[in-house]
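Step one of this worksheet: look at the structure below.
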2 protein chains.
Amino acid sequence: MNKLSEIVAKIKQAGFKQTKVRSALLKSLLQTRTPLSVPELELNLSNQGLKANKSTLYREITFLKEQGIIKEIQLGEDKKRFEIEGETHHHHLVCIKCEDILDYELERELDEEEQKITKNTHFKVLNHSLEFFGLCKTCQQV
Amino acid sequence: MNKLSEIVAKIKQAGFKQTKVRSALLKSLLQTRTPLSVPELELNLSNQGLKANKSTLYREITFLKEQGIIKEIQLGEDKKRFEIEGETHHHHLVCIKCEDILDYELERELDEEEQKITKNTHFKVLNHSLEFFGLCKTCQQV
DNA sequence: GAGCATAATGCAACTTAGTTGCATTTGTCA
DNA sequence: TGACAAATGCAACTAAGTTGCATTATGCTC
């Protein structure tokens, strides 16, 4: 009844297979507190003794995105990060010193602003990315 | 009295030189309507007959960032874009179809939200990135 | 205008993220 | 258990971005 088995069930229902790499990636992404990049995921699996080829990893990530299971985020780095697509919409607080990443739910989401944009410019907003950069509690003290 | 000469003056005042590449980059960035990537800038200069080495371009971009003359933005692509650092803070509306990029100033900026973040989590926000993705006026009609 | 210090440049070799075609292997279901 | 499609590995590739080092250009002073 855990999340992993639910996701795997969904994947099978859609006609796709359960594989070692797929399960291991999902496990990593379910356990982590911060979004992970492909190189990080590769290292994770490798530490568990599962050496997966990087083409496989990138193809798998593409697949999981297509299935709506994971979400891609960009934090101003040279690589992308991925996290499990949750029920609730959240943003990230990125510490520019220790590089830790925290989740944050806005008290007021941006729907109102998006409606204003459409009204003002006729641009139809489908989604947005909003990330905050600064210093986490710990790094402020030094 | 134009912007370019003001910027060049500022650079000279700081003890740096006026060079062909530097001027051409600034000209490109001042004239464009959308933020530009390094490969795009390279092409721009090349079209004007100025073949600059890419190390030079990347170093120059780094320099202009350090001087606070340009600003780096990430639009979920595999490369970064740059724009002249203006007086007013704005965001971008990115069309997912034609890839056009429009500037947009929020009616209400996010300062209030940032204060709430600090109150709620003790994370000190220094800046943020907010971009909207969707369909521009033209691309909605097709 | 010549000389000088240092900023700027070019070059080549490199790193890292990400992609692609193709042959082989593995998972699932009948 | 066999068949078929999905998944994988491999190797070769692209594209953005970086680095050390030798050379060149700029701007200042005399």
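The basis for the numbers below is simple: all heavy atoms, side chains too, and nothing from hydrogens, waters or symmetry mates. Naming: A, B, ... by sequence-line order, numbering from 1 per chain.
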Open item on the list: Using OP1 and OP2 only, check whether a side-chain N or O of B/Thr56 sits under 4.0 Å from C/dG10.
Closed with: yes
Taking only N/O atoms, report every protein-nucleotides 12-14 of chain C pair under 3.5 Å with atom names and distance.
unit_1, atom_1, unit_2, atom_2, d
C/dA12, N6, B/Ser55, OG, 3.1

Task: Results of salt bridge (charged side-chain N to carboxylate O under 4.0 Å, His left out) for B/Arg22 - residues two or more places apart only - done: B/Glu60
Open item on the list: How long is the straight-line distance from NZ of A/Lys71 back to CG of A/Leu64, given to the nearest 0.5 Å?
Closed with: 15.5 Å
Open item on the list: Restricting to non-hydrogen atoms, name the atom on A/Ser23 and the atom on A/Leu4 that form the minimum distance, rounded to 0.1 Å.
Closed with: O-CD1, 4.3 Å
- [ ] Under 4.5 Å between side-chain heavy atoms, chaining through other members, with only Ile, Leu, Val, Met, Phe, Trp and Tyr counted: pull out the rest of the cluster around A/Phe123, sorted by chain and number.
- [x] A/Leu93, A/Leu102, A/Tyr104, A/Leu106, A/Leu110, A/Ile117, A/Val125, A/Leu130, A/Phe132, B/Leu93, B/Leu102, B/Tyr104, B/Leu106, B/Leu110, B/Ile117, B/Phe123, B/Val125, B/Leu130, B/Phe132
TODO: Mind listing the residues from residues 65-79 of chain B sitting with a heavy atom below 4.0 Å of DNA chain D? Number order is fine.
DONE: B/Asp78, B/Lys79
TODO: Taking salt bridge (charged side-chain N to carboxylate O under 4.0 Å, His left out) as the test, write out the residues that go with B/Glu105, two or more places apart.
DONE: none
Open item on the list: Once hydrogens and angles are ignored, does a donor-acceptor distance under 3.5 Å link the base of C/dG10 to the side chain of B/Arg59?
Closed with: yes
- [ ] State, to the nearest 10°, the angle formed by the axis through the first five base pairs of the helix from C/dG1-D/dC30 to C/dA30-D/dT1 and the axis through its last five.
- [x] 30°
TODO: Let me see the working for B/Ile84 and B/Lys3 under side chain to side chain contact (heavy atoms under 4.5 Å, CB included), right down to the final yes or no.
DONE: CA-CA 10 Å; B/Ile84 296 285; B/Lys3 210 130 188 243; 4.1 Å; yes
- [ ] Grab the two heavy atoms, one from B/Arg81 and one from B/Ser37, that are nearest each other, plus how far apart they are.
- [x] NH1-N, 4.1 Å
Open item on the list: If I take atom CD in residue B/Gln13 and atom P in nucleotide D/dG27, what distance separates them, rounded to the nearest angstrom?
Closed with: 14 Å
Open item on the list: With a 4.0 Å cut-off on N to O distance, would you call B/Glu72 and B/Lys65 a salt bridge?
Closed with: yes
Open item on the list: In whole Å, I'd like the distance from the NZ atom of A/Lys80 to the C1' atom of D/dA16.
Closed with: 12 Å
Task: Interface residues of residues 14-46 of chain B with DNA chain D (non-hydrogen, below 4.0 angstrom) - done: B/Lys17, B/Gln18, B/Pro39
Task: Side chain of A/Ala52 (C-beta onward), nearest among C/dT19, D/dG9, C/dG10 - done: D/dG9
Open item on the list: If the condition is salt bridge (charged side-chain N to carboxylate O under 4.0 Å, His left out), which residues does B/Lys20 pass it with, not counting sequence neighbours?
Closed with: none
Open item on the list: I need the CG-P distance between B/Leu57 and C/dT9, as an integer number of Å.
Closed with: 9 Å
Open item on the list: Applying salt bridge (charged side-chain N to carboxylate O under 4.0 Å, His left out), can you list everything that pairs with A/Glu85, at least two apart in sequence or on another chain?
Closed with: none
TODO: Measure from CZ on A/Arg81 to P on C/dG18 and round the result to the nearest Å.
DONE: 11 Å
Task: side-chain hydrogen bond (donor to acceptor under 3.5 Å, both in side chains) pairs, two or more places apart, involving residues 131-141 of chain B - done: B/His92-B/Glu131
Task: Separation of C/dA17 P from A/Glu60 CD (nearest whole Å) - done: 19 Å
- [ ] Anything under 30° is parallel, anything over 60° is perpendicular, the rest tilted; go ahead and classify A/His128 against A/His91.
- [x] parallel
Task: ring pair (Phe, Tyr, Trp, His ring centres under 6.0 Å) partners of residues 53-85 of chain B, not counting sequence neighbours, each pair once - done: B/Phe16-B/Phe63
Task: Of all pairs that satisfy salt bridge (Lys or Arg N to Asp or Glu O under 4.0 Å), the ones with a partner from residues 114-128 of chain B, not counting sequence neighbours - done: A/Glu107-B/Lys116
Open item on the list: Please determine whether a side-chain nitrogen or oxygen atom of A/Tyr58 lies at a distance below 4.0 Å from atom OP1 or OP2 of C/dT19.
Closed with: no
